[in-house]
Amino acid sequence: MPAKRAHDAPTTPNKRQKGKQARIDTFFSSPRTPVRAPAASPPSPEVIIIDGPDDTTDSPKAGPSTAPSHAPPPAPSSRTFSLKSSHAALSYPSLTTDALTFDVLQVSAQWTPGAPVPYSFLAHTLKSVSETRSRIAITNALTNCLRVVAQHHPASLLPAVYLLSNTVAPSYVPVELGLGASISKSIQQISGLSSGALRDLYNNLGDVGDVAFAAKSKVRTLIPHPPLLVTGVYQSLLAISRCKGQGAVKEKQKIVEKLLIASKDEETRFLARTLTQNLRVGAVRTTILTALSRAFVLTSRSDGRQSGMHAPAVLLASVKTLASPSKSQKKPAVDDAREQIIELFDRAEGLVKQVYVRHPCYEDIIAALLKDGLDGLEQHVSLAVGIPLMPTLGSPTRSLDEVFNILQDHPFAAELKYDGQRAQIHGQRNDEGRLVVHIFSRHLENMTTKYPDVVHMFQSMCGEATGASSFIMDSEIVALDPSTGALKTFQELSNRARKDVQLGDVRVAVGVFAFDLMYLDGQELIGLPFRERRAMLNSQFLAFVPEEKGIARFSHVECCDSQLGRDAIEEFMVKATESRCEGLMIKLLDSCEVEERDAKKAKTRRKPFPATYEPDKRTAAWLKLKKDYITGLGDSFDLVPVGAWHGNGRKAKWWSPILLALRAADGELVAVCKCMSGFTDAFYKGLNDRYSLNDESTTSSRQPLWGGEFGGFKPDVYFRPHEVWEVRVADVTISPVSLAAKGLVSQARGLSLRFPRYIKTREDKGIEQVMTAGELARVYEQQEARGRHDGGNDEGDLLDVDIDGSVPASESDST
DNA sequence: CGAAATTGCTCC
DNA sequence: ATTCAGG
DNA sequence: CCTGAATGAGCAATTTCG
Ligand SMILES: Nc1ncnc2c1ncn2[C@@H]1O[C@H](COP(=O)(O)O)[C@@H](O)[C@H]1O
């Protein structure tokens with residue numbers, strides 16, 4: 001039975017954080033493991049990692065690295081530690097108060113000078129942050145927290161930032177916790193609750209952390225435990241990530257249990273969330289960066305030198321003393337000091353964020369900040385070959401009209417939007433003249449060893465005498481037919497092996513379609529307008545078809561500039577639709593200004609509209625025009641909701657996702673896919689009313705009362721089929737789970753839908769009128785027939801390529 | 001040793 | 001990927 | 001407009017289970 005699956009997390013950096021959360025209920029719903037009393041395994045406090053081992057580095061980047069690595073923060077030497085009040089709970093002040101008047105000593109005075117920061121302080125911070133949705137309060141809390149940590153125990157700062165940002169390492173460093181459902185076993189172990197009780201808790205709370213908290217509050221811990229430390233918790237995470245091979249799960253579980261046993265109160269909640277990489281406090285990357293920058297503005301430089309970026313102590317002092325009530329006559333002076341600091345905040349925030357998106361590594365940034373403060377940051381931490389920068393993102397648009405509306409008559413390039421995988425490719429010639437290549441994914445994971453054929457291609461292309469000696473390029477890697485160059489589908493590409501692939505083992509040939517150049521021969525290009533970057537890309541890298549077999553192809557993305565006229569663009573869109581492409585990417589060529597209507601003043605303002613490479617930005621300078629967004633072009637199906645699962649986190653009180661079904665030829669409803677997108681909160685409330693799970697419910701049940709074929713889907717609850725929903729989808733896929741339309745396209749497998757999103761309820765339709773299996777199969781066949789006319793690349797491939805895998809008969813798999 | 005379960009990552 | 005909610 | 005959260009299908013890799 002397939003579990004619920006993980007997801008992309010574009011709003012959060014690095015490790016796909018959400019993931020496991022979604023799958024945990026799978027464990028909770030399998031009542032199997034026998035319960036053991038917590039007393040059966042008495043915890044031994046001394047095995048808890050309290051500090052980093054003396055002789056190992058604090059950093060996940062340990063070992064040989066191409067990254068310009070800074071010395072790790074000094075490992076805290078004390079294994080023993082003491083807190084002034086190791087038994088009485090520490091009491092922390094509110095952190096959401098104004099960062100300008102916050103008193104660091106209020107917190108750190110309770111701690112032994114120089115001692116590592118206790119984890120309870122982080123838990124307190126996370127609690128404060130999770131209790132509000134006000135951005136200002138969240139930023140204050142994080143700023144105050146980081147400021148306390150930076151001043152009290154600088155070596156705790158990096159671990160604190162990792163723990164607050166829900167990450168363990170930079171995305172390009174492969175550190176994985178590999179913890180999912182196993183944490184629930186640990187909770188069971190330490191709490192002694194039955195798996196059924198835990199499942200009920202989970203169904204109600206929708207959050208592992210809340211479950212851990214509730215479960216633990218029911219047990220009394222017998223042995224007092226030394227407080228968890230920020231550094232220690234972080235080290236434990238790294239220890240978990242290092243567990244490999246047979247017995248790894250048990251080993252991880254042991255570490256998790258020790259942590260959970262040692263945790264107190266709120267610590268338990270956030271520890272459990274951290275372990276599942278699902279912090280859910282309403283603040284991750286960007287807010288942390290803002291807070292980090294502010295914390296350093298408010299921290300004077302260690303060398304006491306004058307600085308243009310840190311607030312001078314006098315300024316701070318004046319804000320503080322004058323802020324005390326009763327001195328209202330001095331208000332103007334306060335306001336002035338305040339303004340100056342806020343000005344510094346803004347500059348520092350811009351700087352830190354700019355540095356981060358070009359070099360997304362907290363370790364390097366914090367090392368530089370601790371060493372030279374904000375002033376030296378840009379110099380110490382810069383765009384570098386071997387370190388991925390964050391990619392520019394495209395904004396969705398629904399029509400060419402909208403595109404012209406946004407871009408007015410500024411020149412743009414329309415490029416094919418290839419259906420593959422984004423690849424940021426770095427190359428640099430080393431001392432021996434050999435080109436060292438790194439390839440990063442869209443989320444900046446290092447996938448160099450997945451594409452030896454691409455590495456070799458660049459090494460052949462950039463021969464010793466010719467070609468660039470260093471570069472960073474943005475591209476899409478697409479599966480293709482090695483002899484004709486005809487494009488293949490994303491699904492073909494995803495069949496490639498991923499780890500440590502040898503050149504001879506490559507089964508799926510690919511091509512690199514380059515569309516941007518961010519760095520060339522020691523020069524940053526990201527500040528140049530796209531037209532210039534593109535010209536350099538085109539002149540420095542020529543299309544390349546390898547003579548040798550087994551090496552990737554290279555070409556530029558096919559494009560059509562706006563100067564060719566609107567008709568040409570429209571034709572190009574049709575071409576994109578007919579090749580195996582998802583649509584177009586539309587890119588502003590020259591930096592310019594746009595008119596902006598100010599509604600209030602009925603005035604127009606001119607706003608700069610840069611065509612530069614903007615890491616991590618989703619602006620109108622890059623527009624994506626996907627065929628499935630376009631009204632009339634995308635597929636929209638009518639389906640029946642037949643079941644659902646308990647929602648997680650924010651949606652804990654609602655049904656989410658919802659299982660949808662179509663009609664087989666004999667009228668039976670067959671589950672086809674889950675749907676979770678497109679629902680408003682109000683709609684969820686309505687669903688709760690219509691499908692409430694109480695005793696008299698006639699619309700929902702724990703048992704499949706109303707028949708139907710569910711295939712591999714095992715919803716928490718079944719719905720009486722009676723509604724019809726219109727759902728928009730991007731694609732039809734052959735599924736390992738769904739049995740919808742089984743036998744029509746594949747003998748053993750059914751069809752499913754990609755990117756389903758709810759559009760509206762079809763009040764006008766009955767469940768007999770929904771999409772049928774035959775109709776879905778026809779859509780699939782049409783979709784597969786597309787894209788065989790034109791590969792869309794430089795090699796003429798108008799001859800029909802093989803139809804492998806596209807024809808129903810050949811797709812059948814044995815049963 | 002092979003199947004099943006779990007996880008992490010990609011993406012239209 | 002996608003969508004929605006809140007400041 | 002920015003930031004965050006919560007979720008899709010489906011693949012390879014890893015580890016445990018039988
Ligand atoms: N010509 C192109 N320019 C930019 N991105 C492209 C291009 N062709 C394909 N893409 C992909 O489209 C993705 C953005 O679309 P989306 O993921 O729908 O936001 C990028 O991450 C690229 O992987």
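Just so we're on the same page: letters track the sequence lines, and every chain starts at 1.
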**Study point:** 5′-ward residue of the pair A:L393/A:R650 relative to DNA chain C
**Key:**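 It is A:L393, whose closest nucleotide lies nearer the 5' terminus.
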
Review point. Starting at the 5' end of DNA chain C, which residue's closest nucleotide do you reach first, A:I136 or A:K417?
Key: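 Of the two residues, A:K417 wins.
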
Which of these nucleotides, [options], is closest to any side-chain atom of [X]?
X: A:K651; options: D:dG4, B:dC11, D:dT7; value: D:dT7
X: A:E445; options: B:dC11, B:dT10, C:dG7; value: B:dT10
X: A:K674; options: D:dT7, D:dA9, B:dC11; value: D:dA9
X: A:A181; options: B:dT7, D:dA9, C:dG6; value: B:dT7
X: A:A248; options: D:dT15, C:dG7, D:dA6; value: D:dT15
X: A:N278; options: D:dG10, C:dA1, D:dA6; value: D:dA6
X: A:P736; options: B:dC11, D:dA6, D:dC11; value: D:dC11
X: A:K626; options: D:dT3, C:dA1, D:dT16; value: C:dA1

Point to revise | Parallel, tilted or perpendicular, as decided by the 30° and 60° cut-offs, for the rings of A:F713 and A:W645 | key: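 The arrangement is perpendicular - the two ring planes meet at more than 60°.
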
**Study point:** ring-ring contact (aromatic ring centres under 6.0 Å, His included) evaluation trace for A:F679 with A:W725
**Key:** CA-CA 11 Å; A:F679 304 117; A:W725 294 356; 5.5 Å; yes

Check your understanding: Between B:dT10 and C:dT2, how far is it from one P atom to the other, in whole Å?
Key ->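 Their P atoms lie roughly 16 Å apart.
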
Review point. On a whole-Å scale, what distance lies between the P atoms belonging to C:dA5 and B:dT7?
Key: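 Straight-line distance between the two P atoms is 31 Å.
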
Report yes if a side-chain nitrogen or oxygen of [X] is closer than 4.0 Å to either non-bridging phosphate oxygen (OP1 or OP2) of [N]; otherwise report no.
X: A:K185; N: B:dA5; value: no
X: A:R757; N: D:dT7; value: no
X: A:K353; N: D:dT3; value: yes
X: A:T680; N: C:dT3; value: no
X: A:Q491; N: D:dC11; value: yes
X: A:S134; N: C:dG7; value: no
X: A:K499; N: D:dT14; value: yes

Practice item. Would you tell me whether A:K252 and A:S186 have side-chain atoms, one donor and one acceptor, within less than 3.5 Å of each other? Key: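 No donor-acceptor contact under 3.5 Å links the two side chains.
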
Review point. Under 3.5 Å, is there a donor-acceptor pair between the A:T448 and A:N446 side chains?
Key: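 Note: A:T448 and A:N446 side chains meet the donor-acceptor criterion.
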
Check your understanding: Would you say the base of D:dC11 and the side-chain of A:R498 have a donor-acceptor pair closer than 3.5 Å?
Key ->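 Looking at the base of D:dC11, it does pair with a donor or acceptor on the side chain of A:R498 (distance under 3.5 Å).
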
Practice item. Report the distance from atom OG of A:S656 to atom NE2 of A:H646, rounding to the nearest 0.5 Å. Key: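 If we round to the nearest 0.5 Å, A:S656:OG and A:H646:NE2 are 12.0 Å apart.
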
